[in-house]
Q: 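Quick one: structure below, then a few questions.
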Protein chains: 2
Amino acid sequence: MIEDDDRIRASLGLALEDEGYTVRAVATAEEGMAEQRREPADTILVDLMLPGIDGFECIRLLRREGEVPIIVVSARDDTHDVVAALEAGADDYVIKPVAVKELSARLRALRRRARSAPALPTQAYLFGDLEIRPQAGEVLVRGEQVSLTRTEFRLLCELAEHAGLVLSRQQLLERVWEYDYGDERLVDVHVGRLRQKIEDNPAGPQRLVTVRGLGYKLHR
Amino acid sequence: MIEDDDRIRASLGLALEDEGYTVRAVATAEEGMAEQRREPADTILVDLMLPGIDGFECIRLLRREGEVPIIVVSARDDTHDVVAALEAGADDYVIKPVAVKELSARLRALRRRARSAPALPTQAYLFGDLEIRPQAGEVLVRGEQVSLTRTEFRLLCELAEHAGLVLSRQQLLERVWEYDYGDERLVDVHVGRLRQKIEDNPAGPQRLVTVRGLGYKLHR
DNA sequence: AGCAACATGACAGTTGTGTGACAAACGAGC
DNA sequence: GCTCGTTTGTCACACAACTGTCATGTTGCT
């Protein structure tokens, strides 16, 4: 609960605890953000009129960091505020003074809905007749699907993300293997294997080309 | 929209269409239920004071058949009604007369939440000769109904909802089992069982395929 | 030619996945 | 409350796929 009025904070906090919730309460948006980073809450109640960062901004900041359900608890019964709060990313809006039973029912309804965020939406890549769909785990060469191993797939995605640019073996080791050091020959081996699968003539690569002395790049 | 007052039905319907929504409106709970069975809506607006089956009962009936988001639009600004409606399974409660902008914002907020909820989708899926009717709890392979357990069914729905995309074991654990952590082999076992039922040759799956190192996906 | 950079095939250890067995938990029906 | 069939989660094992290393061969540059 982010609420600057001490009396409301104390009484509403106690009332919610009576309803079976565990409540942590702070007085400012700044404290709330810090607390949420320290130990994320299931649900956040936030007042709109706060000193310093106001409620609207606080909602936007919280939204940027996660999908936590947010309920606005405001004294202002104004359609503009309601709309603005919901636009900012709040999930519900209740007017103070609020009946604890109602707030509790809304909390329950909200938490019934609250779940994890959707999958990471990465875009698809298309380079000539090479198509890469990261989220589908698919790679197509001239419309034909080829099956890559995870390492090959990650390597290809990394190259695709920087298509046209040369990536050094060291960069690839760091990004694909998450090795800070390591044998750079390893990259060669996997590039070779990848070529077997995506090149028409693996010995004369057209798509995944070597830049001697620098590294590899994926041709646009 | 389930609303017995002709004037409100017409004006609110038009106003929402101006906001970009497609609206179907009926005057009674009975009609609403029939309409929802015929062609499920994304979201339902329901008045509480209805002739015949009242709003509360209507909400309970709708809830029994699916997870469709429900917003109560009532003239009665009474905490008891709010709590009762939310308890019955409504997702939100707004007071008439309602500002269309506010209703629109609440609709958006609700649908944003609904999208990430693990609810059973309202529409049916058809992938080749695999048909899934989440609301009816039916799955048909080549027109033949197969009986799935609840876990298998939820797993299939989750995969169907993201057909063509790879879902990791972790994502499936979170969405189907609502586990934050857990043994990922559990997913394998259930995928295996599901394959026994929906694949012609479970050892060489065509519909529910493994993407090695990434997870599983349902083929479109 | 000489050298460094790169490619490639083989191989053994590791990892990922499928599957059957089993016991606990559940649930419908009485 | 009880019973019995079903569902669920865990485990162990088998097997296939993948990975990283190495040795050896090839290429491109000076």
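Residue numbers start from 1 in every chain, and the chains themselves are labelled A, B, ... in the order their sequence lines are given, proteins ahead of strands.
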Q: Rounded off to whole Å, could you give me the CG-to-C1' distance for the B/L186 and C/dT19 pair?
A: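 It works out to 15 Å between those atoms.
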
Q: Quickly work out the A/R185 CZ to C/dG9 P distance and round it to whole Å.
A: 16 Å

Q: Just the rounded figure in Å: distance from P of C/dA7 to CG of A/D183.
A: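 So the CG-P distance, A/D183 to C/dA7, works out to 14 Å.
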
Q: Would you confirm whether B/E199, through its side chain, and B/R207, through its main-chain N or O, come within 3.5 Å as a donor-acceptor pair?
A: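 Confirmed, B/E199 side chain pairs with B/R207 backbone.
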
Q: Between protein and nucleic acid, restricted to nucleotides 2-4 of chain C and to nitrogen or oxygen atoms under 3.5 Å apart, what atom pairs and distances do you find?
A:
unit_1: C/dA4; atom_1: N3; unit_2: A/R212; atom_2: NH2; d: 3.4

Q: Report yes if a side-chain nitrogen or oxygen of B/Y216 is closer than 4.0 Å to either non-bridging phosphate oxygen (OP1 or OP2) of C/dG16; otherwise report no.
A: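 Negative; the distance criterion is not met.
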
Q: Check for a donor-acceptor pair, side chain of A/E152 on one end and backbone N or O of A/T149 on the other, with a separation under 3.5 Å.
A: yes

Q: With distance as the sole test, does B/D91 use its side chain to make a donor-acceptor pair with the main-chain N or O of B/I70 at under 3.5 Å?
A: yes

Q: Hey, does the side chain of A/K197 reach the backbone of A/S147 with a donor-acceptor pair shorter than 3.5 angstrom?
A: yes

Q: Should the ring pair B/Y125 and B/F127 be called parallel, tilted or perpendicular, given that the plane angle runs from 0 to 90° and is split at 30 and 60?
A: parallel

Q: Could you check whether A/V189 gets within reach of a base, just the sugar-phosphate, or nothing at all, counting any heavy atom under 4.0 Å?
A: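 Base contact.
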
Q: Quantify the bending of the helix from C/dA1-D/dT30 to C/dC30-D/dG1 as the angle between its end axes, each fitted on five pairs, to 10°.
A: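 Result, rounded to 10 degrees: 50°.
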
Q: Mind checking if A/R150 touches a base, just sugar-phosphate, or nothing, with heavy atoms under 4.0 Å?
A: sugar-phosphate

Q: Is a side-chain donor or acceptor of B/R154 paired with a backbone partner of B/V176 at a separation under 3.5 angstrom?
A: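 Such a contact is found between B/R154 side chain and B/V176 backbone.
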
Q: In residues 153-178 of chain A, which residues come under 4.0 Å of DNA chain C by heavy atom?
A: A/R169

Q: Which pairs count as salt bridge (charged side-chain N to carboxylate O under 4.0 Å, His left out) when at least one residue sits in residues 155-172 of chain A, sequence neighbours excluded?
A: A/E158-A/R175, A/R169-A/D188

Q: Would you list the pairs meeting salt bridge (charged side-chain N to carboxylate O under 4.0 Å, His left out) in which at least one residue belongs to residues 21-33 of chain B, sequence neighbours left out?
A: B/R24-B/E35

Q: Is A/W177 close to A/H190 at the side-chain level, that is, under 4.5 Å between some pair of heavy atoms?
A: yes

Q: Would you kindly give the CD-to-P distance between A/E184 and C/dA5, to the nearest whole Å?
A: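 Interatomic distance, CD of A/E184 to P of C/dA5: 10 Å.
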
Q: Do any N or O atoms from the side chain of A/T210 and from the backbone of A/R212 form a donor-acceptor pair under 3.5 angstrom?
A: no

Q: Establish whether the base of C/dG20 is bridged to the side chain of B/R193 by a donor-acceptor pair shorter than 3.5 Å.
A: no

Q: Reading DNA chain D in the 5' to 3' direction, which nucleotide is the first one with an atom under 4.0 Å from a heavy atom of chain A, and which is the last?
A: D/dC18 to D/dG28

Q: Nearest-nucleotide wise, let me know which of A/Q196 and A/V211 is further upstream toward the 5' end of DNA chain C.
A: A/V211

Q: Do you know the tightest heavy-atom contact between A/L173 and A/D183?
A: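 Closest pair (atom of A/L173, atom of A/D183, distance): CD1-O, 4.1 Å.
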
Q: Does A/R220 reach the main-chain N or O of A/A163 with its side chain, forming a donor-acceptor pair under 3.5 Å?
A: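 Indeed, once roles are kept as given, a pair shorter than 3.5 Å links the two residues.
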
Q: Look at the side chain of B/Q171 and the backbone N and O of B/S168, then say whether any donor-acceptor pair between them is shorter than 3.5 Å.
A: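 Yes, B/Q171 side chain to B/S168 backbone: donor-acceptor pair under 3.5 Å.
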
Q: Taking CG from B/D188 and P from C/dT15, how many angstroms apart are they, rounded to a whole number?
A: 17 Å

Q: Is A/Q145 atom CD crowded by more than 12 heavy atoms from other residues, nucleotides or ligands, each under 6.0 Å away?
A: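 Result for CD/A/Q145: enclosed.
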
Q: Would you mind classifying the nucleic acid contact of A/R195 as base, sugar-phosphate or nothing, using non-hydrogen atoms under 4.0 angstrom?
A: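 Sugar-phosphate only.
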
